[in-house]
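Let me begin by presenting the structure, written as structure tokens, before commenting on it.
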Amino acid sequence: TTSTHDFKVADLSQAVFGRKEITLAEHEMPGLMAIREEFAAQQPLAGARITGSLHMTVQTAVLIETLTALGAQVRWASCNIFSTQDHAAAAVAVGPDGTPENPQGVPVFAWKGETLEEYWWCTEQALTWPGAETGGPNMILDDGGDATLLVHKGVEYEKAGAAPSVDTAENDEHRVILQLLNRTLAETPQKWTQLASEIRGVTEETTTGVHRLYEMHQAGTLLFPAINVNDAVTKSKFDNKYGCRHSLVDGINRATDVLIGGKVAVVCGYGDVGKGCAESLRGQGARVIVTEIDPICALQAAMDGYQVARLEDVLDTADLFITTTGNRDIIMAGDMARMKHQAIVGNIGHFDNEIDMAGLAAIEGIVKDEVKPQVHTWTFPDGKKIILLSEGRLLNLGNATGHPSFVMSNSFANQTIAQIELFTKPEAYPTGVYVLPKQLDEKVARLHLEALGARLTELRPEQADYIGVPVEGPYKPDHYRY
Ligand code: NAI
């Protein structure tokens, strides 16, 4: 049980609605519920203080309550300013046994539509543990790496004795982070160093966060071990792909209600997310065009029947543009200036630097108008408008409710297993970046097959011998690509 009831959510009275949706979600998350049952008696996370930075949705609520069911104490923030579902946040803060008048749940700091200042304040609150000796967590559960980044930057600047001046900031978000760290350095000069000293590790959810971790590891600056949850097969080949296949069109529909059938849609990037997005749009009857820089992914797109083109060649003919690259500067202001009237532009990659929002705002005479929260038109001086979703942030969570429960049960089963691994076997994971053993990946898949009524064929011993794998798995070599 948590001893601290500090939290900040939009509206506690939504907790009842949130709890109803959490109950429905639990049935659709057989992996998480099976893990609760398996480890209920053992309490492997007793003593864990987990700081989570991950979209505060209904599915995440089931993850949080799985971690607490295994003995962990948890503090939580969302990893995006638009992705919180306020009823889920309220239900988590209230807890299954509390009431809005007497909240007894997990300290959660998240609401839909945070400012950047509020966002980083929430991240700091989730990382700050009143009563803990180090003042911080001993585990991080991250999505995109913002909690990990704050700790690492804090330690770096404390070592240097000062944080860079806010005048050196490259953009608004960087300015907010520098402001925060200049403040903590003045108030508590060893806050982050002390806090980091007890962190056993981080488990990271997404491609972009994993990318940051490998970079830090290569640079020799990584402070604690990390498990790359994203590259569990039952995560990136399911959540990134089938999750986006569901939630991309959900976001576009809720935002615009425009008929997708018959339209021309451009998907930038054909990795796991791009593959799901392209299929999603094709499923609605759009003619889909893919852009890629990687010849292998481009060839996959071509084989899957999509036209592969360059963005500049399709700007004035396509109706929808979706970025899925995890890279920066994919659709620039000049590109948007060339699009058709009422073209729809959105991003589903982790950060908001795929679409050049700053460049768009800097066009002289351009007018931004809010249609409703997270849906804006931008009218160019010549009268042409485009429709921009979630201000360039991931639209499936900004305009809809993200991935559905069943697919998130796979991702979060991996997260929970990774938390147990790092917390209970610190000696097995010296500082570095790891993926979970394949057998655990296969276990996650097994946990979900039964719920779908699937009957897996059992390998016979002589067959196992013939293909050279154990009867109980793992069934593939590590280099197999699925
Ligand atoms: P990935 O690495 O599998 O795919 C990205 C693809 O973009 C690669 O094939 C790459 O070659 C391509 N690319 C890079 N630069 C490009 C450019 N200039 N033009 C065209 N293509 C380019 O990564 P994955 O797993 O598909 O993730 C993509 C992003 O989506 C990441 O930021 C990830 O964190 C995020 N993500 C978002 C989710 C959501 O629910 N919104 C779910 C899962 C991941």
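Read the numbers this way: they start at 1 and go in the same order the structure lists the ligands and their atoms.
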| For ligand 1, which atoms sit closer than 4.0 Å to a heavy atom of T324? | 5 (C), 28 (C), 29 (C)
| Under 4.0 Å to a heavy atom of T291 - the qualifying atoms of ligand 1, by number | 20 (C), 21 (N)
| said: Could you work out, for atom 9 (O) of ligand 1, the closest of H55, E292, K241 by heavy-atom distance? | reply: E292
| Between M332 and M336, is any pair of side-chain heavy atoms under 4.5 Å apart? | no
| message | For ligand 1, which is the ligand I care about here, please tell me if C297 has any N or O atom under 3.5 Å from one of the ligand's N or O atoms. | response | no
| request: Give the single entry among D329, T206, L311 that approaches atom 33 (C) of ligand 1 most closely by any heavy atom. | output: T206
| query | For T203, which of I50, T416, L141 qualifies under side-chain contact (heavy atoms from CB on, under 4.5 Å)? | reply | L141
| said: Any side-chain to backbone donor/acceptor pair from H376 onto L388? Under 3.5 Å, distance only. | reply: no
| message | I'd like to check which ligand 1 atoms, numbered from 1 as shown, lie under 4.0 Å from a non-hydrogen atom of H403. | response | 40 (O), 42 (C)
| note | In this structure, atom 26 (O) of ligand 1 is nearest to the protein heavy atom V273 N, 2.8 Å
| What residue among M408, E205, E204 forms side-chain contact (heavy atoms from CB on, under 4.5 Å) with Q415? | E205
| message | I'd like to know if the side chain of E28 and the backbone of P404 have a donor-acceptor N/O pair within less than 3.5 Å. | response | no
| task | Step by step, work out the side chain to side chain contact (heavy atoms under 4.5 Å, CB included) result for V62 and F412. | result | CA-CA 9 Å; V62 183; F412 290 165; over 6 Å; no
| said: Tell me the closest heavy-atom pair linking L223 and H152, and the distance in Å. | reply: N-NE2, 3.0 Å
| With a 4.0 Å cut-off, would you call E65 and R19 a salt bridge? | yes
| said: I'd like to check which ligand 1 atoms, numbered from 1 as shown, lie under 4.0 Å from a non-hydrogen atom of N327. | reply: 14 (C), 15 (N)
| Is it true that E292 and R310 have a side-chain N and a carboxylate O under 4.0 angstrom from each other? | no
| atom 25 (O) of ligand 1: the protein heavy-atom neighbour that sits closest, reported with distance to 0.1 Å | T207 OG1, 2.7 Å
| note | One finds that the ligand 1 atoms under 4.0 Å from a non-hydrogen atom of L394 are 41 (N)
| Quick one: nearest non-hydrogen protein atom to atom 13 (N) of ligand 1, plus distance? | I293 CG1, 3.7 Å
| Are any of the N/O atoms in E354 less than 3.5 Å from those in ligand 1? | no
| query | Is I330 close to I355 at the side-chain level, that is, under 4.5 Å between some pair of heavy atoms? | reply | no
| field | Geometric N/O contact D239 with ligand 1, under 3.5 angstrom | value | no
| note | the protein heavy atom lying closest to atom 40 (O) of ligand 1 turns out to be N396 ND2, 2.8 Å
| request: Considering the heavy atoms of G349, write down every atom of ligand 1 situated less than 4.0 Å from one of them. | output: 29 (C), 30 (O), 32 (O), 35 (C)
| Which ligand 1 atoms, with their elements, are less than 4.0 angstrom from a heavy-atom of I348? | 30 (O), 37 (C), 38 (C), 39 (C), 41 (N)
| For atom 7 (O) of ligand 1, closest protein heavy-atom neighbour | T325 CA, 3.5 Å
| What is the closest protein heavy atom to atom 35 (C) of ligand 1, and at what distance does it sit? | H350 N, 3.6 Å
| message | How close do S411 and D239 get, counting heavy atoms only, and between which atoms? | response | OG-OD2, 2.8 Å
| query | Do we get R75 above F109's six-membered ring, with its NZ or CZ under 6.0 Å from the centre and within 45° of the axis? | reply | no
| field | Numbered atoms and elements of ligand 1 in range of D294, under 4.0 angstrom, heavy atoms | value | 11 (O)
| request: Apply salt bridge (charged side-chain N to carboxylate O under 4.0 Å, His left out) to E114 and K8, showing your working. | output: CA-CA 11 Å; E114 296 159 0; K8 192 164 160 79; over 6 Å; no
| Shortest reach to atom 32 (O) of ligand 1 by a heavy atom, considering only T208, L395, D143 | T208
| note | the protein heavy atom lying closest to atom 18 (N) of ligand 1 turns out to be I330 CD1, 3.3 Å
| message | Can you check which of G243, G274, G209, G271 brings a heavy atom nearest to atom 1 (P) of ligand 1? | response | G271
